[in-house]
Structures are given as structure tokens and as C-alpha cells.
Amino acid sequence: MRILVTGGAGFIGSEFVRATLRGTLPGSSGTQVTVLDKLTYSGNVLNLAPIADLRNYRFVQGDICDQDLVDDVVAGHDAIVHFAAETHVDRSIGSAASFVRTNAMGTQVLLEAASRHRLGRFVHISTDEVYGSIPEGAWDEESPVAPNAPYAAAKAAGDLLALAWHRTHGLDVVVTRCTNNYGPYQYPEKLIPLFTTNVMDGQQVPVYGEGHNRRQWLHVSDHCRAIQLVLLGGRAGEVYHIGGGTELTNLELAEQILKSCGAGWDMVRHVPDRPGHDFRYSLDTTKIRTELGFSPRVAFADGLVETVEWYRDNRAWWEPLKSPDEATGSPGDAGRTA
Ligand code: NAD
């Protein structure tokens with residue numbers, strides 16, 4: 001199979017590309033991968049260095065909103081796995097234009113090209129945030145989208161366009177919506193790497209409000225295995241939830257990170273809450289478990305320790321990426337990673 005991976009130089013996309021090319025995802029051996037990535041601040045070619053010399057890998061630097069380029073690059077592929085997005089909620093509160101442009105318009109450009117070149121499959125990677133906030137219980141795939149943050153609204157627009165392309169143009173589209181991810185190579189503006197690298201630098205970690213907001217956490221390798229199952233076996237026109245990890249309040253998470261780093265509560269600093277901060281996300285993952293046999297493999301406690309160790313061992317990767325604003329938590333993201 002020849003797949004085009006958009007946003008393949010980012011956190012999750014690069015994990016998917018590395019795992020695909022190493023043949024560690026089910027049914028991935030022999031796959032040819034093209035990465036299309038604009039290399040925004042969160043894209044990093046170093047994330048792809050471990051597989052950069054492989055013959056079945058090609059990198060194209062470019063914008064998914066560039067219609068001519070996308071048309072050229074899409075030709076000759078069997079499938080698209082679409083990760084490319086603006087992903088940081090706090091940045092979307094500051095300025096939403098690039099979020100609407102990439103997450104909605106960029107998705108439309110890719111869908112058009114996929115239809116034109118009659119691709120066999122389009123996997124659109126999305127997030128639990130499109131549903132808004134849920135005080136208790138969990139959303140299933142039929143729940144209506146009701147996004148609150150501009151990031152989530154722009155992602156929801158992309159999801160709806162993708163599903164519309166299936167219904168209107170018969171494109172073989174599948175949408176995945178995942179909970180918060182964690183693992184190596186995550187840009188240090190996001191919660192777990194922000195807290196971890198702050199503590200490593202002897203700086204406090206900024207927790208929004210009281211820190212009672214709740215999120216579910218899934219290791220990035222589990223997310224990518226689930227995406228592969230959807231790529232190979234998901235039903236066209238369907239949405240699949242990906243999750244089944246661990247639910248924690250931000251305070252509980254901070255406590256586990258501090259413990260992994262050997263630091264105490266004096267390292268926590270409460271900062272004013274984010275405007276419109278969703279209290280809780282929760283996904284019902286029955287569908288992907290029963291239809292595609294997915295369940296997470298990485299226990300959160302083990303994955304967190306490994307992730308902290310990765311940041312300890314890879315200071316040269318993250319140090320140049322950290323701005324003083326991020327370290328001090330202005331804005332910082334203690335509520336969301338995606
Ligand atoms: P990321 O910010 O680490 O990576 C995004 C990548 O997209 C970067 O490499 C960037 O250069 C690229 N990109 C941005 N705009 C582009 C454009 N116009 N053209 C081409 N490339 C562009 O993000 P991530 O955390 O890896 O998230 C990947 C996807 O997974 C996103 O669609 C996100 O909504 C979704 N998601 C993330 C999480 C999470 O916890 N991180 C959870 C659920 C879903």
C-alpha cells in the first residue's frame with residue numbers, strides 16, 4: 001500500500017510513520033509512505049530522523065491548503081492518513097485564523113484531491129474535543145458535536161466535511177476521534193512534556209484553576225495501532241472512538257509527573273483558568289473494541305515513566321523548542337494537549 005501521511009512530522013503523525021516503516025503496526029510491512037508537512041512550529045524533521053534513510057519513505061515539505069501541490073502529491077497513493085492540523089487550544093484562543101484555514105480548509109483541499117484521484121481510503125484523525133464537555137457518562141459515535149474552543153470547532157468542521165465527502169461523493173472516508181495522547185516527541189507546550197521539562201529545569205508547573213478538570217490519556221503508540229486497524233478494517237462513512245486509557249484530574253496527573261521526576265508539591269503553581277475551559281471529555285470505545293479488536297497495551301503508569309525518561313534523555317530535542325512563555329504558563333496548557 002502507498003499511503004500519504006499529512007502532518008507526519010508532528011507528534012502523533014511521526015509515531016505513525018516510524019511504526020509503519022518499522023513494520024510494527026499490524027499489516028504495515030511493505031508500506032510506502034509519503035509525508036506531506038508544512039513544518040510549522042510543531043513539525044520537526046528530527047522526529048522522522050530514525051527512518052529518514054529508508055527507501056520506502058519520502059518527505060515533501062508543503063501546505064495542505066496548497067491545491068496544486070496537494071493534487072501533485074496525492075496522485076499515485078492508495079490512501080491518506082490525515083493528521084495535519086493546528087493543535088494547541090490556547091493558541092486558538094489567541095488567534096483562530098490558522099486553525100480554520102488548516103483544520104477546515106486544508107481538509108477540504110485534501111478531500112477534493114482524494115476524490116479526484118479516486119483514492120481507496122481517507123482516514124481523518126480527530127479528537128474527543130469536538131463533543132464539547134460532559135460532566136458524567138461518555139459520548140458514543142452518534143453523539144452530536146458541540147465544540148467550545150476554536151481549535152475544537154475547526155476540527156469539527158474538518159470532521160463534518162470528511163463525512164460529507166463520503167455521503168456526497170462516495171469517498172471512502174473514516175473518522176477517528178481520540179482522547180488525549182502522551183509519549184515521546186510531543187511538543188513541549190502540551191501538558192505532560194511542559195510539566196516534565198519544567199520540573200527538569202527547576203521551574204514550577206502551571207495548573208489551570210483548581211486543577212479539577214478531567215481528561216483521559218492514551219499512549220501515542222496505542223493511538224497509532226488503533227488508526228492502523230481503522231485504516232485496514234474500518235467501515236466507510238463511520239466514526240471510531242479511540243481511547244480506553246486512564247482518566248485523571250489535572251492535579252492527579254501533576255502529582256504523578258512530580259513523583260516520576262522526584263519533585264514535590266512546591267513545584268505546582270495555580271494560574272487563572274482558561275476561558276471556556278471544558279471540564280471533562282469521555283469517550284465510549286465499545287465500537288472499536290468489538291468491531292476491530294482494539295484495546296490499549298501501555299499501562300499509564302509505565303507509559304508515563306518511560307515518557308519522563310525520554311524527555312530526560314532527549315534534552316537536545318526539546319530545549320531549543322521551549323519559549324520562556326511556555327515554561328511560565330502564560331498561556332501554558334494545563335487543560336488539554338491536543
Ligand atoms: P502536532 O501539532 O504535534 O503536529 C501537527 C503537524 O501538522 C505538524 O507537523 C505541523 O507541521 C503539521 N501542519 C500544520 N499545519 C499544516 C499545514 N497547513 N500543512 C501541512 N502540515 C501542517 O499535533 P499532534 O498532537 O501530533 O496531532 C495530530 C492530529 O491528531 C491532529 O489532527 C489532532 O487534532 C489530532 N489529535 C491529537 C491529540 C493529542 O492529544 N495530541 C488527541 C486527539 C487527536
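Numbering of ligands and ligand atoms starts at 1, following listing order.
- Ring to ring, H241 and Y131 are close: their centroids are under 6.0 angstrom apart.
- For a threshold of 3.5 Å applied to N or O pairs, the pair formed by K38 and ligand 1 contains at least one separation below that value.
- Close contacts between ligand 1 and D63 involve ligand atoms 17 (C), 18 (N), 19 (N) [criterion: under 4.0 Å to a heavy atom].
- Considering backbone and side-chain atoms alike, L36 places every N or O at 3.5 Å or more from each N or O of ligand 1.
- Of the candidates F11, Y151, F99, the one placing a heavy atom closest to atom 33 (C) of ligand 1 is Y151.
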Could you list the donor-acceptor pairs under 3.5 angstrom formed between side-chain atoms of residues 58-65 and any protein atom two or more places apart in sequence or on another chain?
residue: Q61; atom: NE2; partner: K38; partner atom: O; Å: 3.3
residue: D63; atom: OD1; partner: C65; partner atom: N; Å: 2.8
residue: D63; atom: OD2; partner: K38; partner atom: NZ; Å: 3.4
residue: D63; atom: OD2; partner: R101; partner atom: NH1; Å: 3.0
residue: D63; atom: OD2; partner: R101; partner atom: NH2; Å: 3.0

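- Here the rule is side chain to side chain contact (heavy atoms under 4.5 Å, CB included) with I242, and of I125, I227, L229, T179 only I227 fits it.
- For ligand 1 and T179, the ligand atoms under 4.0 Å from any heavy atom of the residue are 42 (C), 43 (C).
- With distances taken over non-hydrogen atoms, the option nearest atom 30 (O) of ligand 1 out of V220, D66, I125, I192 is I125.
- For the ligand labelled ligand 1, residue Y187 lies outside the 4.0 Å heavy-atom shell.
- F122 places none of its side-chain heavy atoms less than 4.5 Å from the side chain of D172.
- Of the heavy atoms in K155, only side-chain atoms (C-beta onward) come closer than 4.0 Å to ligand 1.
- For ligand 1, the polar-atom distance check finds an N/O of D37 within less than 3.5 Å of one of the ligand's N/O atoms.
- Contact annotation: for N103 versus ligand 1, there are no heavy atoms closer than 4.0 Å.
- The side-chain heavy atoms of F16 and V123, taken from C-beta on, include no pair separated by under 4.5 Å.
- In summary, the atoms of ligand 1 found under 4.0 Å from a heavy atom of L39, numbered by their order in the structure, are 11 (O).
- Shown here is D313, whose CG atom has more than 12 heavy atoms of other residues, nucleotides or ligands within 6.0 Å.
- Residue contacts with ligand 1 for S14 are absent, since no atom lies close enough (heavy atoms, distance under 4.0 Å).
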- Take R177 and E141 through the salt bridge (Lys or Arg N to Asp or Glu O under 4.0 Å) test and state the conclusion after the steps. CA-CA 9 Å; R177 294 183 180 142; E141 285 85 351; over 6 Å; no
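- Few gaps surround CZ on R116; more than 12 heavy atoms of other groups in view lie less than 6.0 Å from it.
- Of the heavy atoms in T6, none comes closer than 4.0 Å to ligand 1.
- Cation-pi geometry between R18 and Y185 is met: the NZ or CZ atom falls under 6.0 Å from the ring centre, inside 45° of the normal.
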- Stepwise salt bridge (Lys or Arg N to Asp or Glu O under 4.0 Å) test for D78 and R121: CA-CA 7 Å; D78 302 307; R121 175 130 283 194; over 6 Å; no
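- At a 3.5 angstrom cut-off on N or O pairs, N44 does not count as close to ligand 1.
- Under 4.0 angstrom from ligand 1, the non-hydrogen atoms of T102 all belong to its side chain.
- Among the atoms of S42, some N or O lies under 3.5 angstrom from an N or O of ligand 1.
- Note: no N/O pair closer than 3.5 Å links S126 and ligand 1 by distance alone.
- G62 counts as a contact of ligand 1, since one of its heavy atoms falls under 4.0 Å from the ligand.
- A donor-acceptor contact closer than 3.5 angstrom is absent between the side chains of E252 and Q256.
- Taking distance alone, with nitrogen or oxygen atoms compared against 3.5 Å, T40 approaches ligand 1 more closely than that limit.
- The shortest N/O to N/O separation between A84 and ligand 1 does not fall below 3.5 Å.
- Residue T87 touches ligand 1 through its side chain alone, judged by heavy-atom distances below 4.0 Å.
- Among G183, A85, C178, A9, the residue whose heavy atom sits closest to atom 14 (C) of ligand 1 is A85.
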